[in-house]
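These numbers come from a predicted model, not from an experiment.
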Amino acid sequence: MKGTTPDSVINPQQLAGINSVQVWKKEDLQHAQPDWLADEVPVALVYNGISHVVMMASPKDLEAFAIGFSLSEGIIDAPQDIFGIDVVDSCHGIEVQVELSSRRFMALKAQRRAMAGRTGCGVCGVEQLAEIGKPIAPLPFSQTFDLQHLDQALSQLRAFQPLGEYTGCTHAAAWIMPDGQLIGGCEDVGRHVALDKLLGYRSQQQWTQGAALVSSRASYEMVQKSAMCGVEILFAVSAATRLAVEVAQRSNLTLIGFSKPGRATVYTHPQRLI
């Protein structure tokens, strides 16, 4: 569910990425009762027939995930570089088959030849430490945000976590308009995947004004993905790492951590904030 406010009452059986289980609670170990768990499945991104990466993710909004991952990893310059996306069940998970333009596929193959490997953490398998940081063009200073609207945005974040409401097991990433309204959001068991889904959905909707809000901490990779996609302001509910702050400073991104009711810690470029 993305881009719109979810219905107030949702039948969990109608949600993708959720399954029922029997559990025992501390107060009653003699009787099992039903509960819900979020699915976590291997999702392979396959470009022009060649598998590029396997991520553990929630099996929903996978087209947006493919677009956002491709943008945030520099595989494509714009959604128009993708000619088609097919989501296909495989024997061990899900394949998202992406058809790239010839120009971008040739660039991807050249990039793969320069890499020793790739895993979901974003660092493991990189041959040299210097390859961790992707070159990011400095962001413009075209956005502003009035912090008096932050509490309003935070109060809406749970509306974009229907899986999380039942399982307590997902992160969310949402897009805040300058007036504090959340106009779209995505969730996933992985915080990076939730952000990629949002970035992909944002590109489809062509949102430019506003900021991103994530329910997690801000790692360097979260900052890097946002900056690669032109996001100028990133709010994180939890803390930021030192490397995240360094990347934000270098790329001209305004990074805010501990975004909670009545609180906000600004790490970089406060001039965008009112």
Candidate list His52, Gln224, Lys225, test side-chain hydrogen bond (donor to acceptor under 3.5 Å, both in side chains), partner Glu73, passing option:
Lys225

Residues forming a side-chain contact (heavy atoms from CB on, under 4.5 Å) with Ala211, sequence neighbours excluded
Ile233, Phe235

Listed pairs under 3.5 Å, donor-acceptor, residues 172-185 side chains, sequence neighbours left out:
residue	atom	partner	partner atom	Å
Trp175	NE1	Gln209	O	2.9
Asp179	OD1	Gln181	N	3.1

Smallest heavy-atom separation, Gln143 atom then Gly210 atom, equals OE1-N, 2.9 Å

Is the shortest side-chain heavy-atom distance between Glu63 and Gln204 below 4.5 Å?
yes

Closest heavy-atom pair and its distance - Ala57, Asp188:
CA-OD1, 3.4 Å

Output the rest of the hydrophobic cluster of Val46: all Ile, Leu, Val, Met, Phe, Trp and Tyr residues reachable through side-chain heavy-atom contacts under 4.5 Å, sorted by chain and number.
none

Does anything in residues 163-176 form a salt bridge (charged side-chain N to carboxylate O under 4.0 Å, His left out)? List the pairs, not counting sequence neighbours.
Arg158-Glu165

Throw together a table of side-chain donor-acceptor distances under 3.5 angstrom for residues 262-269, partners on residues two or more places apart or in other chains.
residue	atom	partner	partner atom	Å
Thr268	OG1	Leu253	O	2.6
Thr268	OG1	Leu255	N	3.0
His269	NE2	Gln249	O	3.1

Less than 4.5 Å apart, any side-chain heavy atom of Glu40 and any of Ser58?
no

Applying side chain to side chain contact (heavy atoms under 4.5 Å, CB included) to Ile82 and Leu100, what does each step give before you reach the verdict?
CA-CA 5 Å; Ile82 294 178; Leu100 288 179; 4.1 Å; yes

Heavy-atom count around Gln271 CD within 6.0 Å, excluding the residue itself: above 12?
yes

Closer than 4.0 angstrom, basic N to acidic O: yes or no for Arg242 and Glu246?
yes

Determine which pairs satisfy side chain to side chain donor-acceptor pair (under 3.5 Å) with at least one residue from residues 25-35, sequence neighbours left out, and list them in order.
Asp28-His31

So, does Glu95 use its side chain to make a donor-acceptor pair with the main chain of Ala44 at under 3.5 Å?
no

According to side-chain hydrogen bond (donor to acceptor under 3.5 Å, both in side chains), who are the partners of Arg272, at least two apart in sequence or on a separate chain?
Glu232, Thr254

Taking the side chain as everything from C-beta on, heavy atoms only, tell me whether Arg202 gets closer than 4.5 Å to Val231.
yes

Should Val87 and Leu71 be regarded as members of a common hydrophobic cluster, given that ILVMFWY residues are connected when their side-chain heavy atoms come within less than 4.5 Å of each other, either directly or indirectly?
yes

Write down the atom of Ala38, the atom of Val189, and the distance for their closest heavy-atom approach.
CB-CG1, 4.0 Å

To the nearest 0.5 Å, how far apart are CD1 in Ile50 and NZ in Lys109?
6.0 Å

Partner residues of Thr208 under the side-chain hydrogen bond (donor to acceptor under 3.5 Å, both in side chains) criterion, sequence neighbours left out:
none

Side-chain contact, heavy-atom cut-off 4.5 Å: Phe69 with Val193?
no

Using a 3.5 Å cut-off and no angle test, enumerate the donor-acceptor pairs between side-chain atoms of residues 15-23 and protein atoms at least two apart in sequence or in another chain.
residue	atom	partner	partner atom	Å
Asn19	ND2	Asp39	OD1	2.8
Asn19	ND2	Asp39	OD2	3.0

Output the distance between atom CD1 (Ile85) and atom CZ (Phe65), rounded to the nearest 0.5 Å.
11.0 Å

Using the rule that two of Ile, Leu, Val, Met, Phe, Trp, Tyr join whenever any of their side-chain heavy atoms come within less than 4.5 Å, decide whether Ile136 and Phe141 are in one cluster.
no

Just wondering, do Arg104 and Val98 contact through their side chains at under 4.5 Å, heavy atoms?
no

Any ring pair (Phe, Tyr, Trp, His ring centres under 6.0 Å) pairs touching residues 75-110, not counting sequence neighbours?
none

Taking atom SG of Cys169 and atom CG of Leu163, what is their separation to the nearest 0.5 Å?
9.0 Å

dist Asp81:CG -> Ser70:OG (nearest 0.5 Å) comes out at 9.5 Å

Look up atom CG in Leu147 and atom CD1 in Ile256, then write down how far apart they are to the nearest 0.5 Å.
7.0 Å

Taking all heavy atoms of Leu154 and all of Ser259, pick out the closest pair and write down the distance.
CD2-O, 3.3 Å

Return the CG to CG distance between Asp196 and Asp61, rounded to the nearest 0.5 Å.
12.5 Å

Minimum-distance pair of heavy atoms, taken over all atoms of Lys60 and Pro162
NZ-CG, 4.1 Å

Residue of the set Val53, Leu62, Val54 for which side-chain contact (heavy atoms from CB on, under 4.5 Å) holds with Val43:
Leu62

For the backbone of His192 and the side chain of Glu221, can you confirm whether one donor and one acceptor N or O come within less than 3.5 Å of each other?
no

Return the set of residues passing side-chain contact (heavy atoms from CB on, under 4.5 Å) with Thr241 (not counting sequence neighbours), or none when no residue passes.
Arg217, Leu243, Ala244

Across all chains, not counting sequence neighbours, the side-chain hydrogen bond (donor to acceptor under 3.5 Å, both in side chains) partners of Ser215 are His171

